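The structure appears right after this line, and notes come after that.
All of these numbers come straight from a predicted model, not from anything done at the bench. The figures that follow rest on heavy atoms only: side chains count, while hydrogens, waters and symmetry mates do not.
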Amino acid sequence: LKKRNYENGKRSFQAARCIACHRFDGEGGDQAPDLTGVAARFGVRDLLEAILEPSKVVSDQYQATMLRTKDGTVISGRLVGEKDGKLQLTPDLLYPDRITEVAKDQVAESKPSALSPMPDKLVAPLNADELLDLLAYLLAAGDAKHRLFR
């Protein structure tokens with residue numbers, strides 16, 4: 001990760017739509033973990049694995065709920081509230097204002113989803129250098145920034 005391109009890493013963070021859900025260095029969404037201090041919590045391998053295989057380990061803090069209705073319909077999303085006897089879910093974190101409502105009395109089963117709300121293959125549009133720049137950008141908190149981009 002030496003001599004990576006910081007600005008390209010920042011562009012990759014935006015191009016892969018990470019910024020829509022994740023906050024980093026004061027910018028971005030609040031639907032997923034703040035990645036500003038990710039360098040203190042994860043090594044390169046663990047961070048790469050979390051990006052490439054988001055469902056391998058899913059934090060219960062951000063875990064989606066899977067509902068199966070009495071008619072067999074399956075709906076998955078982040079449970080955001082309850083109103084007038086209806087559960088409210090956001091099925092797609094990229095569009096947090098889109099709410100799906102399900103009447104509580106129509107729910108046959110409710111359980112935590114094994115799938116991460118982070119979609120697979122978000123980084124697919126990035127080439128290898130862009131992915132490495134993204135990793136370096138995420139690990140660039142504090143003094144590490146100067147070391148990784150020289």
Nearest heavy-atom pair of [X] and [Y]: which atoms, and what distance?
X: Ala16; Y: Leu126; answer: CB-CD1, 4.2 Å
X: Arg98; Y: Pro91; answer: O-CD, 3.6 Å
X: Asp129; Y: Asn127; answer: N-OD1, 3.0 Å
X: Glu130; Y: Pro125; answer: OE1-O, 4.0 Å
X: Leu139; Y: Ala39; answer: O-CB, 3.7 Å
X: Ser113; Y: Gln63; answer: O-NE2, 3.0 Å

Quiz item: Ignoring hydrogens and geometry, is there a side-chain-to-backbone donor-acceptor pair from Lys70 to Asp105 under 3.5 Å?
Solution: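 Judged by distance alone, yes, a pair lies under 3.5 Å.
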Practice problem: Spell out, as yes or no, whether a donor-acceptor pair under 3.5 Å connects the side chain of Ser55 to the backbone of Ser116. | Solution: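 Judged by distance alone, yes, a pair lies under 3.5 Å.
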Quiz prompt | Candidate pair Thr65 and Leu87, rule side-chain contact (heavy atoms from CB on, under 4.5 Å), full reasoning | solution = CA-CA 11 Å; Thr65 299; Leu87 298 175; over 6 Å; no
Treat each ILVMFWY residue as a node, draw an edge where side-chain heavy atoms are under 4.5 Å apart, and state whether [X] and [Y] are in one component.
X: Val123; Y: Tyr6; answer: yes
X: Leu89; Y: Val58; answer: no
X: Leu67; Y: Leu79; answer: yes
X: Tyr62; Y: Leu94; answer: no
X: Phe42; Y: Tyr137; answer: yes

Self-check item: The single option from Leu52, Leu134, Val38, Leu35 passing side chain to side chain contact (heavy atoms under 4.5 Å, CB included) against Leu47
Solution: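 Only match with Leu47 under side chain to side chain contact (heavy atoms under 4.5 Å, CB included): Val38.
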Quiz prompt | Where at least one partner belongs to residues 8-24, residue pairs that pass side-chain hydrogen bond (donor to acceptor under 3.5 Å, both in side chains), sequence neighbours excluded | solution =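 Residue pairs passing side-chain hydrogen bond (donor to acceptor under 3.5 Å, both in side chains), neighbours aside: Asn8-Asp133.
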Measure the [atom1]-[atom2] distance between [X] and [Y] for me, rounded to the nearest 0.5 Å.
X: Glu53; Y: Met118; atom1: CD; atom2: CE; answer: 11.0 Å
X: Cys21; Y: Asp34; atom1: SG; atom2: CG; answer: 13.0 Å
X: Gln88; Y: Glu82; atom1: CD; atom2: CD; answer: 8.5 Å
X: Glu27; Y: Thr36; atom1: CD; atom2: OG1; answer: 9.5 Å

Determine whether [X] and [Y] make a side-chain contact, defined as any pair of heavy atoms from C-beta on separated by less than 4.5 Å.
X: Arg78; Y: Pro117; answer: no
X: Thr90; Y: Ile99; answer: yes
X: Leu131; Y: Leu48; answer: yes
X: Val102; Y: Thr73; answer: no

Practice problem: Step through the shown structure and confirm whether more than 12 heavy atoms of other residues, nucleotides or ligands are within 6.0 Å of CZ on Arg45. | Solution: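 12 or below, so no.
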Quiz item: Are Leu135 and Ile51 close enough, and set up right, to give a side-chain contact (heavy atoms from CB on, under 4.5 Å), and what steps lead you there?
Solution: CA-CA 9 Å; Leu135 280 172; Ile51 292 169; 4.0 Å; yes
Exercise. Take Val74 and Met66 through the side-chain contact (heavy atoms from CB on, under 4.5 Å) test and state the conclusion after the steps.
Key: CA-CA 7 Å; Val74 176; Met66 188 199 73; 3.7 Å; yes
